[in-house]
There are 2 protein chains.
Amino acid sequence: MLPFDIREYQERLQKTKERMAEKNMEVLLVTDPANMNYLTGYDAWSFYVHQMVIIIIDEPQPIWIGRYMDANGARIKTWIYDENIISYPDYYVHSEVYHPMTFIGEILQQIGHGNRRVGVEMDNYYFTAKAFMKLQEALPNAVFQSGDLLVNWVRIVKSDQEIEYMTKAAAIADNAMTHGVENVRIGNRENDAAAHIVYHQITGTEDYGGEYTSIVPMIPSGKNTGIPHLTWSDRPFEEGDSTIIELAGCYQRYHVPLARTVSIGTPDDRLARLTPIVQEGIQAVLEAAKPGATCSDMEEAWRKSISRYGIEKEARLGYSVGLGYPPDWGEHTASLRRGDTTVLEENMTFHLIPALWFDHYGLELSETLRITKDGCKTFSNYPRELVVQHPFLLNQQSGEIS
Amino acid sequence: MLPFDIREYQERLQKTKERMAEKNMEVLLVTDPANMNYLTGYDAWSFYVHQMVIIIIDEPQPIWIGRYMDANGARIKTWIYDENIISYPDYYVHSEVYHPMTFIGEILQQIGHGNRRVGVEMDNYYFTAKAFMKLQEALPNAVFQSGDLLVNWVRIVKSDQEIEYMTKAAAIADNAMTHGVENVRIGNRENDAAAHIVYHQITGTEDYGGEYTSIVPMIPSGKNTGIPHLTWSDRPFEEGDSTIIELAGCYQRYHVPLARTVSIGTPDDRLARLTPIVQEGIQAVLEAAKPGATCSDMEEAWRKSISRYGIEKEARLGYSVGLGYPPDWGEHTASLRRGDTTVLEENMTFHLIPALWFDHYGLELSETLRITKDGCKTFSNYPRELVVQHPFLLNQQSGEIS
């Protein structure tokens, strides 16, 4: 049932412990659901309550602690022995009196790790200010230190198996994009196009199913294309609209994001002029991406390419991508931006998204790529173009999935 | 463009300020995306970076602070004046050097609120341990206090407009359940059924579109029905399987959850025996739910009803529900459990989910209800039964949405 060989999990654990040792850390409390999954295989929508995986530097097995009703999930989804799966009673859930971190602190105390040097993921969504406060109260003799992104940095170089999963995710992304684009047409609303995309994200292929993505499709249209993080409305598409589709395919929680821009009818002049500039910029980045170069080098290639056209982009150009849970598929480690000195290695994977947003319009063309032995390779086969949808393509298949 | 009349937002703000005054709080930093939406209308998938709405007790307008690329969204989605929309530069995003809370602290300092009594949502997913640490560093003269759940408690009683949105969400939930059930059949995989559910959640009705739900559909089947928070796999359904479907309809971010259990072919004896017990228990709870009674009374009605059959349930029976963002549609205020003394009022809304899980099977039948003037009313019209799917209903519409 595990998606990876147990030796791969043990290797990940080993690398994590090496990083812990470098920081003189004895215990690491892993609360990021992606990191929990990475180290143990745990996968369930239980991260809306407090839970964690505990790594102890001198213990061979991680410990999973969560809500009692989720312990069965931990038993079947992880390689952790049953005796290392510990659960707290339901009255700890969303209570103003009891807090799960008090329980967890007591367990750590009981098993003799209450006074050790304990790393915590300080800026993780699922490690709240109160969680930290309650842990500190429960473990007055522990020495806390930041374990933020420690496991994330282990994740940055993918194994061959992880690359294979991302390749499968890419096929889902391409298929979802095809159906999304097809449904950006007069007679449909933004939400209809989104519904088709998500249907294909989840139904996947005949050979393997797809999963929910860490971010839902974003599909702003018309004037809203200048606003990157709107999801969708039920506004009907109109002739002359442009629409941005940003989505991902997901397999075994590994994501391959992909963004394209669709114009219904003749594209706006500004989009038509911008597209080749962005295509050229992307090409320049892909040529700069190879082992030994840095993330900053990739950004520089982009900046030099577009500056010839008088364009600047404030936002970062992309980020390390892979395993993820809501609300983000980014790994929060390397960013493709000026000053990021991360040295590229084979099997690092990035979402390169040189989106340009203006007040009332925007353009997104993106690629997810992996660093290869001597360069890089994109995952998607979807044409890297501004998609032009014929305005008279009406929806004649209402009620059918397409 | 706002989903509520501006007077409704001002009323919400007023109630929030009253609660702040009771706690002697001068500034409230709202980081829960649902609370941000509730007070201002802000709605975008931007909560994967730090952002907040600031309520200042003696200022008429909230302040929105977020990432620069999301400021356009705040301008069109909220009733906040443009001058109160403040954004931080992109180099603050996922950086090991810069933190958005430092920026936000500096702004508070600059506008003269750096030394006030500041409430923070201590246990909110989007208020991390590091966020609090950085705020404390940036505002050494502020007095911090817990503003946890302060806005959530204002949200517990819904307005008529909110109830109308939930009624629309219920129609989506019922429709998604109909299509989900229809697709739990031999020839499909769990993910295929999930894909049909999500398609209908998002496409909604002809009159209005649906939205993404704060929790994806959970659809464990076979032995996994004993594990509540698994999402789906690509395992094909088999004769004799039972499957739990837990989903919601969502409209304007208001959720109406609904759970049912489906059996392919003759139901397992244990499920067949449990179903009338659970139905009777639900009926007892619905009869106990009325203004003046407490959440604890609702739980007691359930406990008395099922105890006659020798059954006990550890988990809480339900929770306050409504506006939400991933990872949860629960409001984290009142729970239907022993000892919760919340007094029921008209237009409170709850997800009553008396699920029973055992090691290798489980049963879920749920209802979302609102407290009425003299009792309660469920939102859904879906039959409250164990659904039996004919095992020879094959999928003959492959490639079509149903």
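- Counting heavy-atom pairs closer than 4.5 Å to chain A, the top-ranked of the candidates B:M218, B:M133, B:H99 is B:H99.
- Counting heavy-atom pairs under 4.5 Å between each of B:G73, B:A315, B:S46, B:G226 and chain A puts B:A315 at the top.
- For OH of B:Y208, the number of neighbouring non-hydrogen atoms (other residues, nucleotides, ligands) closer than 6.0 Å is greater than 12.
- By the 4.0 Å N-to-carboxylate-O rule, B:R235 lies close enough to B:E190 to be salt-bridged with it.
- Proximity to chain B (any heavy atom under 4.5 Å) is restricted, for A:D70, to the side chain, taken from C-beta onward.
- For a residue to count as touching a neighbouring chain, one of its non-hydrogen atoms must lie under 4.5 Å from one of that chain's; by this rule A:S95 touches chain B with backbone and side chain alike.
- Checked by atom type, the side-chain pair B:W329/A:Y48 shows no donor-acceptor distance below 3.5 Å.
- Within the 4.5 angstrom heavy-atom criterion, atoms from both the backbone and the side chain of A:W45 approach chain B.
- Between the side chain of B:W232 and the main chain of A:G210, a donor-acceptor pair closer than 3.5 Å is present.
- Heavy-atom distances place both the backbone and the side chain of A:P89 under 4.5 Å from chain B.
- Taking CG of B:N175 as the start and NE2 of B:H200 as the end, the distance is 6.0 Å to the nearest 0.5 Å.
- The two residues A:T225 and A:P220 come nearest to each other via the heavy atoms CG2-O, 3.4 Å.
- Of the atoms belonging to A:E206, it is backbone heavy atoms, and not side-chain ones, that fall under 4.5 Å from chain B.
- Residues A:L336 and A:E299 share a closest heavy-atom pair of O-CG, 4.0 Å.
- Of the residues considered (A:A131, A:P326, A:P228, A:G339), A:P228 shows the highest number of contacts with chain B, using heavy-atom pairs under 4.5 Å.
- Contacts with chain B were tallied for A:F132, A:F47, A:Y126, A:W357; A:Y126 has the most, counting heavy-atom pairs under 4.5 Å.
- Using a 4.5 Å cut-off between heavy atoms, A:R189 contacts chain B through its side chain alone, with no backbone atom that close.
- Interface remark: A:E96 contributes side-chain atoms only to the contact with chain B (heavy atom separation under 4.5 Å).
- Panel note: side chain B:E364, backbone B:I244; no donor-acceptor pair is recorded below 3.5 Å.
- Between chain B and the residues A:D43, A:D148, A:I76, the most heavy-atom pairs under 4.5 angstrom are made by A:I76.
- Heavy atoms of A:T205 lying under 4.5 Å from chain B belong exclusively to its backbone.
- Checking side-chain atoms of A:Q201 against main-chain N and O of A:C250 turns up no donor-acceptor pair under 3.5 Å.
- Among the candidates A:V93, A:N191, A:D234, the residue making the largest number of heavy-atom pairs closer than 4.5 Å to chain B is A:N191.
- Of the two parts of A:D340, neither the backbone nor the side chain holds a non-hydrogen atom closer than 4.5 Å to a non-hydrogen atom of chain B.
- Between A:S335 and A:C295 the shortest heavy-atom distance is O-CB, 3.4 Å.
- Between the OG1 atom of A:T231 and the CZ atom of B:R253 there is a distance of 7.0 Å, given to the nearest 0.5 Å.
- Side-chain atoms of B:K313 never come within 3.5 Å of backbone atoms of B:L356 as a donor-acceptor pair (strictly under, hydrogens ignored).
- Taking the six-membered ring for Trp and thresholds of 30 and 60 degrees, B:Y125 and B:H332 have ring planes more than 60 degrees apart, a perpendicular arrangement.
- Interface check for chain A: of the options B:R338, B:R337, B:E211, the most heavy-atom pairs under 4.5 Å are formed by B:R337.
- Residue contact with chain B, scored on non-hydrogen atoms closer than 4.5 Å, is absent for A:K223.
- Heavy atoms closer than 4.5 Å to chain A are found nowhere in B:K134, neither backbone nor side chain.
- Contact count against chain B (heavy-atom pairs under 4.5 Å) is highest for A:A129 among A:G330, A:A129, A:A194, A:G209.
- Among B:Y319, B:F127, B:Y325, the residue making the largest number of heavy-atom pairs under 4.5 Å with chain A is B:F127.
- Under 3.5 Å, the side chains of B:D328 and B:S214 contain no donor-acceptor pair of N or O atoms.
- Looking only at heavy-atom pairs under 4.5 Å with chain A, the residue among B:T203, B:T128, B:I197, B:T333 that has the most is B:T128.
- The most heavy-atom pairs under 4.5 Å with chain B, out of A:L230, A:N224, A:V216, come from A:V216.
- The contact between A:Y68 and chain B is made entirely by side chain atoms (from C-beta outward), counting heavy-atom distances below 4.5 Å.
- For the set B:I215, B:V198, B:N124, the count of heavy-atom pairs under 4.5 angstrom toward chain A peaks at B:I215.
- With a 4.5 Å cut-off on non-hydrogen atoms, A:R67 touches chain B through its side chain but not through its backbone.
- For A:V120, no part lies under 4.5 angstrom from a heavy atom of chain B.
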Please lay out, stage by stage, how B:Y199 and B:H179 fare under the test side-chain contact (heavy atoms from CB on, under 4.5 Å). CA-CA 9 Å; B:Y199 177 87; B:H179 290 279; over 6 Å; no

